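Letters go in sequence order (proteins before strands), and every chain restarts at 1. Worth saying up front: this structure is predicted, and the values here are computed from it rather than measured.
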Protein chains: 2
Amino acid sequence: MSNKCELLRQRIVASADQLFYQQGYENTSFSDIANEVNISRGNFYYHFKSKDDILNAVIDKRLGDIENTLHEWEKNSPDPKKRILSYINMLHQNKESITKHGCPVGVMCTELNKINHLMHSDATRLHVLFKNWLSKQFKDLGHKKDAQNLAMHLLSRAQGIASITSAFEDKSFLKREIKTLTDWLENIS
Amino acid sequence: MSNKCELLRQRIVASADQLFYQQGYENTSFSDIANEVNISRGNFYYHFKSKDDILNAVIDKRLGDIENTLHEWEKNSPDPKKRILSYINMLHQNKESITKHGCPVGVMCTELNKINHLMHSDATRLHVLFKNWLSKQFKDLGHKKDAQNLAMHLLSRAQGIASITSAFEDKSFLKREIKTLTDWLENIS
DNA sequence: GTCTATATACGGATAGAC
DNA sequence: GTCTATCCGTATATAGAC
């Protein structure tokens, strides 16, 4: 059945997604994914034509996941300030994985920048989704001219927090910084 | 002569330092370094016992380089605020390399977190050097209680700026954020 | 000390049986 | 569709000549 085939494909992508996040793309082998999914190495090439092809599928999955999250945040509140708070609070919700592995988007951009210049721009599209959405919220908040800059600024703050939290393995730092960010949001509102 | 030997060793470490920064540690092979230094692959093992050993030497070199930079900044000004500005302005001075490859410290921490848990803490020591030095400056500025937190905050801001600048390859963002950071420093002084 | 040659391991990718 | 067996390239690391 093609349905069963599609399901296996999704399981492969989901496992690859996790492993790429935890171990990095280059450092994750077909054997690693195969162990996770319980299939043979050779079987991969029925579903994907290369490792880059899996990376592509993982990025597409992440793009979809992010869009779903953004729609969720929009559904939960019509207030742009509260929507931006949803973004900031994501740091707290993911504090365990951030402490261990950093921000999935930032980490992937950094790695692809080193090893695969072609797909670096694809990974940056993950950032762009958040940027455009945040930009829209800041506009709705009344920041007509500098909405884009504020979005980039917030993106940057979140990246820095994830990076330092992971390097120092310091969850209390992450909590302090979330407070600082919410104060900042309050001040510009 | 042992002097000649020591010089070659330093050239190897300097080249490895550059390549690890530009391409990443895992993605840099002995051949890459050998081409740069013009020696044979086998010759490495006279000077280093493994690739990890080179990584160790690179981290030691970076620790020394950072200490020299901090001493330089101290020598250039007795004013703690100006000293902190030296740190912020480093972002501007290195804008070309940051746009291409990100922050050397952050990028290395991220990579070692994925592939080599043992040396991850060594890379974090690079962060700690800056953190302790900044902390001292904030103390001298009158922030007795929260000097440490302010230092971590500034570290985090710089990491975020480097990360986003590199992902978006956007030097104008970097310049805007430097202005934002100097304003922040002015406000807390 | 520096070289060449080589051992060894591993990862991505292919071929072909079932 | 999934498997096993295998090819091929590359990387670290070692051995030994010079």
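Using a cutoff of 4.0 Å between basic side-chain nitrogens and carboxylate oxygens, A/K136 and A/D140 are scored as salt-bridged.
Distances shown here put a side-chain N or O of B/Y45 below 4.0 Å from the OP1 or OP2 atom of D/dA13. When the side-chain nitrogen and oxygen atoms of B/N43 are compared with OP1 and OP2 of C/dC3, one or more of them lie within a distance under 4.0 Å.
As rounded to whole Å, 11 Å separates atom C1' of C/dG12 from atom CD1 of A/I33. C/dG11 atom C1' lies 15 Å from atom CG of A/L19, rounded to whole Å. Computed from coordinates, the B/N27 CG to D/dT12 C1' distance equals 15 Å when rounded to whole Å. Here D/dT10 presents its P atom at 16 Å from CD1 of A/I115, a figure rounded to the nearest Å. Spacing between atom CZ of B/F44 and atom P of D/dA11 amounts to 13 Å, rounded to whole angstrom units. For the pair A/Y25 OH and C/dG11 P, the computed distance is 14 Å after rounding to whole Å. One interatomic measurement links the two molecules: CG of B/N3 to C1' of C/dG1, which rounds to 15 Å at whole-angstrom precision.
Nucleotides of DNA chain C nearest to A/K49 and A/D32 differ in position, and the one nearer the 5' end is that of A/D32.
Between C/dA13, D/dG1, D/dT2, one nucleotide has an atom nearer to the side chain of A/L8 than all others, and that is D/dT2. For B/R41, whose side chain is taken as the heavy atoms from C-beta onward, the closest listed nucleotide among C/dA13, D/dT12, D/dC3 is D/dT12. If you check C/dG11, C/dA13, D/dA13 against the side chain of B/K51, the one that comes closest is D/dA13. Considering only the side chain of B/S29, D/dT12 comes nearest among D/dT12, C/dG11, D/dC3. Residue B/Y46 places its side chain closer to C/dG1 than to any other of D/dT2, C/dG1, D/dA11. Distance from the side chain of A/H47 is smallest for D/dT2 among the nucleotides C/dA13, C/dG11, D/dT2.
A donor atom on one side chain and an acceptor atom on the other are found under 3.5 Å apart for B/Y25 and B/D52. A donor-acceptor pair shorter than 3.5 Å can be found between the side chains of B/T28 and B/Q23. Side-chain contact of B/D79 with B/S77: a donor-acceptor pair under 3.5 Å is absent, judged by distance alone.
Minimum heavy-atom separation, A/V58 to A/V13: CG2-O, 3.9 Å.
Across all strands shown, B/S50 has heavy atoms under 4.0 Å from sugar-phosphate atoms exclusively, and none from any base.
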